[in-house]
J.: 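A single structure is presented below for examination.
All residue numbers refer to positions in the sequence shown, counting from 1. Given the structure is predicted, the values throughout are model-derived calculations rather than measurements. The basis for the numbers below is simple: all heavy atoms, side chains too, and nothing from hydrogens, waters or symmetry mates.
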Amino acid sequence: MLSNKKIEQLIHLPDLQFVRYCEEAFCVNRGIYNIIDAWFYDQNMINVSSRRKIIIAFFSYLNKDKQKIKFGPGGVKAHLENFWNFKKDSQVESA
């Protein structure tokens with residue numbers, strides 16, 4: 001689990017360095033990263049820092065076993081929707 005301080009450092013990296021971090025830490029390629037970034041943007045996550053935080057949270061959510069994250073056909077969208085619903089449900093429960 002990443003500390004808040006580490007996350008704050010990561011989200012302010014230049015674009016290429018942030019993408020490379022995601023590739024190395026979570027074993028996702030740039031194409032998958034771009035799809036995920038665009039999906040969160042389409043969910044009105046306009047602020048880059050906020051979007052990067054949720055991207056890290058998404059990858060961490062999927063990468064519980066520290067294995068390479070694998071997406072089958074349509075898998076990225078399905079995982080994103082599951083994560084998004086999980087986040088919404090957990091926010092409702094904590095309110």
Side-chain angles (χ1 to χ4, degrees):
M1 183 107 200
L2 295 170
S3 70
N4 288 339
K5 183 178 180 181
K6 180 69 174 172
I7 291 171
E8 286 300 316
Q9 291 172 339
L10 290 170
I11 65 169
H12 295 293
L13 289 172
D15 290 339
L16 184 57
Q17 289 178 345
F18 183 76
V19 172
R20 284 184 179 155
Y21 165 78
C22 291
E23 289 173 341
E24 292 172 15
F26 304 109
C27 300
V28 295
N29 66 39
R30 186 174 187 127
I32 296 294
Y33 171 84
N34 288 339
I35 291 168
I36 293 164
D37 187 41
W39 191 89
F40 282 119
Y41 181 86
D42 291 342
Q43 305 310 309
N44 292 319
M45 300 279 316
I46 306 303
N47 180 280
V48 174
S49 296
S50 297
R51 197 165 62 246
R52 286 182 173 187
K53 284 181 186 178
I54 202 158
I55 288 170
I56 291 171
F58 172 67
F59 287 144
S60 297
Y61 169 82
L62 292 179
N63 198 25
K64 294 174 191 144
D65 299 328
K66 306 291 184 216
Q67 301 289 324
K68 181 177 181 177
I69 300 170
K70 296 180 183 177
F71 299 102
V76 175
K77 184 177 179 188
H79 283 296
L80 284 163
E81 289 172 349
N82 289 339
F83 173 75
W84 196 249
N85 291 329
F86 170 78
K87 291 292 281 182
K88 286 198 300 193
D89 291 346
S90 64
Q91 288 174 355
V92 169
E93 291 171 8
S94 65

J.: Taking ILVMFWY side chains as joined if any heavy atoms are under 4.5 angstrom apart, and letting links pass through other members, which residues group with Leu16?
T.: none
J.: With sequence neighbours excluded, tell me which residues meet side-chain hydrogen bond (donor to acceptor under 3.5 Å, both in side chains) with Gln17.
T.: none
J.: I'd like to check the side chain to side chain contact (heavy atoms under 4.5 Å, CB included) partners of Asn47; sequence neighbours left out, ordered by chain and number.
T.: Ser49, Ser50
J.: Would a hydrophobic clustering, with Ile, Leu, Val, Met, Phe, Trp and Tyr connected at side-chain separations under 4.5 Å, put Tyr21 with Val28?
T.: yes
J.: For the atom pair CH2 (Trp39) and CD1 (Ile55), what is the distance rounded to the nearest 0.5 Å?
T.: 11.0 Å
J.: Keeping to residues at least two apart or across chains, list the salt bridge (charged side-chain N to carboxylate O under 4.0 Å, His left out) pairs with something in residues 29-42.
T.: Asp37-Arg51
J.: Could you grab the distance from atom CG of Leu10 to atom OG of Ser3, nearest 0.5 Å is fine?
T.: 8.5 Å
J.: Hey, could you give me the CZ/CG distance between Phe83 and Leu62, rounded to the nearest 0.5 Å?
T.: 8.0 Å
J.: Tell me, which pairs form a salt bridge (charged side-chain N to carboxylate O under 4.0 Å, His left out) where one or both residues lie in residues 8-17, sequence neighbours left out?
T.: Glu8-Lys53, Asp15-Arg52
J.: By ring pair (Phe, Tyr, Trp, His ring centres under 6.0 Å), which residues pair with Tyr41, not counting sequence neighbours?
T.: none
J.: Which residues pass the ring pair (Phe, Tyr, Trp, His ring centres under 6.0 Å) test with Phe59, not counting sequence neighbours?
T.: Phe26
J.: Nearest 0.5 Å, what's the CD1-CZ distance between Ile36 and Phe40?
T.: 7.5 Å
J.: Heavy-atom distance under 4.5 Å between the side chains of Tyr61 and His79, does that happen here?
T.: no
J.: Look at the side-chain heavy atoms of Ile, Leu, Val, Met, Phe, Trp and Tyr, link any pair under 4.5 Å apart, and say whether Ile11 and Leu13 land in one connected group.
T.: yes
J.: Does atom CG of Asn85 have more than 12 heavy-atom neighbours, drawn from other residues, nucleotides or ligands, at distances under 6.0 Å?
T.: yes
J.: Could you give the distance from CD1 (Ile35) to CG (Asn29), rounded to the nearest 0.5 Å?
T.: 8.0 Å
J.: Which residue pairs pass the salt bridge (charged side-chain N to carboxylate O under 4.0 Å, His left out) test with at least one member in residues 71-84, sequence neighbours excluded?
T.: Lys77-Glu81
